[in-house]
Amino acid sequence: MKTGILIIAHAPLASALRASVLHVFPEVAGAVLALDVPPHEATELTSVHARALLSQLGTPDSLVLTDVFGATPCNVAQRVVDGIHSRLVAGVNLPMLLRTVNYCNEPLDVLVARALAGGTQSIMQVAVTAPQNQQRKNNDLHHHDHSQ
């Protein structure tokens, strides 16, 4: 794995996302790490933990993913990301994370673009419609038209 991935998020989201990724890609256990930020931990201590995990990745480049822009996990990540060998993306979701792991051998700048695309392209409204080949009855009192 060319690029290491560190997830920094409100507890227990980071660990849950990592566990989900390892379910699909168990071979990346050492290259995808998680830091759950407890509600009342000092940001200085969280920063120390984040730096330690970044060095533990042991890769030349790192992508740091956080949950909410402006929240403590993101603020901590901003302190530890250097912008040269590491990049930061806020708004992590599982499709974003799966996409980054799938393309982790690409250059860091390309991986950031893939992360953003994976996160945004996976957000959609899903229409609930009657199964195909099933006719609606005329006496159906709950007639609703859904658009896709």
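Starting from 1, each residue takes its place in the sequence as its number. We use all heavy atoms of the structure for the numbers below, so side chains are in, but hydrogens, waters and symmetry mates are not.
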Report all side-chain donor-acceptor pairs from residues 75-82 shorter than 3.5 Å, counting only partners two or more places apart or in another chain.
from, atom 1, to, atom 2, distance (Å)
Asn75, ND2, Gly70, O, 3.3
Asn75, ND2, Ala71, O, 3.4
Arg79, NH1, Thr43, OG1, 3.2
Asp82, OD1, Ile84, N, 2.8
Asp82, OD1, His85, N, 2.8
Asp82, OD1, Ser86, N, 3.0
Asp82, OD1, Ser86, OG, 3.0

Spatial distance of atom [atom1] ([X]) from atom [atom2] ([Y]) [nearest 0.5 Å]:
X	Y	atom1	atom2	answer
Leu57	Ser62	CG	OG	5.0 Å
Ile123	Asn93	CD1	CG	5.5 Å
Cys74	Leu65	SG	CG	11.0 Å

Minimum side-chain heavy-atom gap [X]-[Y] below 4.5 Å:
X	Y	answer
Thr66	Val92	no
Leu6	Ile8	yes
Val110	Tyr103	no

By salt bridge (Lys or Arg N to Asp or Glu O under 4.0 Å), Arg87 pairs with (sequence neighbours left out) Asp109
By side chain to side chain donor-acceptor pair (under 3.5 Å), Thr72 pairs with (sequence neighbours left out) none
So the salt bridge (Lys or Arg N to Asp or Glu O under 4.0 Å) pairs with at least one residue in residues 46-70 (sequence neighbours excluded) are none
Residues pairing under salt bridge (Lys or Arg N to Asp or Glu O under 4.0 Å) where one sits in residues 111-127, two or more places apart or in two chains, turn out to be Glu106-Arg114
Using the rule that two of Ile, Leu, Val, Met, Phe, Trp, Tyr join whenever any of their side-chain heavy atoms come within less than 4.5 Å, decide whether [X] and [Y] are in one cluster.
X	Y	answer
Leu111	Leu17	yes
Val89	Leu13	yes
Val64	Leu98	no

Closest heavy-atom contact between [X] and [Y]?
X	Y	result
Ala52	Ser55	O-OG, 2.8 Å
Thr59	Lys2	CB-O, 3.6 Å
Ala117	Arg99	CB-NH1, 3.8 Å
Arg18	Ile7	N-CD1, 4.0 Å
Leu63	Thr3	N-CG2, 3.8 Å

Extract all donor-acceptor atom pairs below 3.5 Å that involve side chains of residues 20-37 and protein atoms in other chains or at least two apart in sequence.
from, atom 1, to, atom 2, distance (Å)
Ser20, OG, Ala16, O, 3.0
Asp36, OD1, Ala14, N, 3.0
Asp36, OD1, Ser15, N, 3.1
Asp36, OD2, Ser15, OG, 2.3

**Q.** Full working for side chain to side chain contact (heavy atoms under 4.5 Å, CB included) between Ile5 and Val101
**A.** CA-CA 8 Å; Ile5 299 170; Val101 169; 3.8 Å; yes
